[in-house]
Amino acid sequence: MQILVNGERHDVQATTLSALLDEMGYDATTRIATAVDGCFVAASKRTALPLHAGVQVEILAPMQGG
């Protein structure tokens, strides 16, 4: 299905937010923030959160530096 991740279209096989993170190569131990259709999704909710075609996902990784 096609979805938007950080504003870019992607064709993905993942059906949950957790599976999407795996599919896109994010390390499960890395601290990241996620939002789906503009709503924050806690890490504990990612496995159960289904995705649908056209969904907008934001994945934010912390920045280092000062």
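The first residue in the sequence is number 1, and the count goes up from there.
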(message) Could you measure the distance from the OG atom of S44 to the CG atom of L49? Nearest 0.5 Å is fine.
(response) 11.0 Å
(message) Distance check, rounded to the nearest 0.5 Å: H10 atom NE2 versus M24 atom CE?
(response) 4.0 Å
(request) Please answer whether the main-chain N or O of I59 pairs with a side-chain N or O of N6 as donor and acceptor at a distance below 3.5 Å. (result) yes
(message) For Q13, is the CD atom crowded, meaning more than 12 foreign heavy atoms sit under 6.0 Å from it?
(response) no
(request) Any chance you could measure E23, atom CD, to T16, atom OG1, to the nearest 0.5 Å? (result) 10.0 Å
(message) Under the side-chain contact (heavy atoms from CB on, under 4.5 Å) test against V57, which residue among L17, V12, T34 passes?
(response) L17
(message) Would you say that L51 contacts M1 through its side chain, given a criterion of any heavy-atom pair below 4.5 Å between the two side chains?
(response) yes
(request) Check A14 against L20 and note the closest heavy-atom contact, atom names and distance. (result) CB-N, 3.3 Å
(message) As an exercise, state the distance from CG of L4 to CD of E58, rounded to the nearest 0.5 Å.
(response) 9.0 Å
(message) Are D37 and H52 packed together at the side-chain level, in the sense that at least one heavy-atom pair is separated by less than 4.5 angstrom?
(response) yes
(request) For R46 and I32, work out which heavy atoms get closest and say how close. (result) NH2-O, 2.9 Å
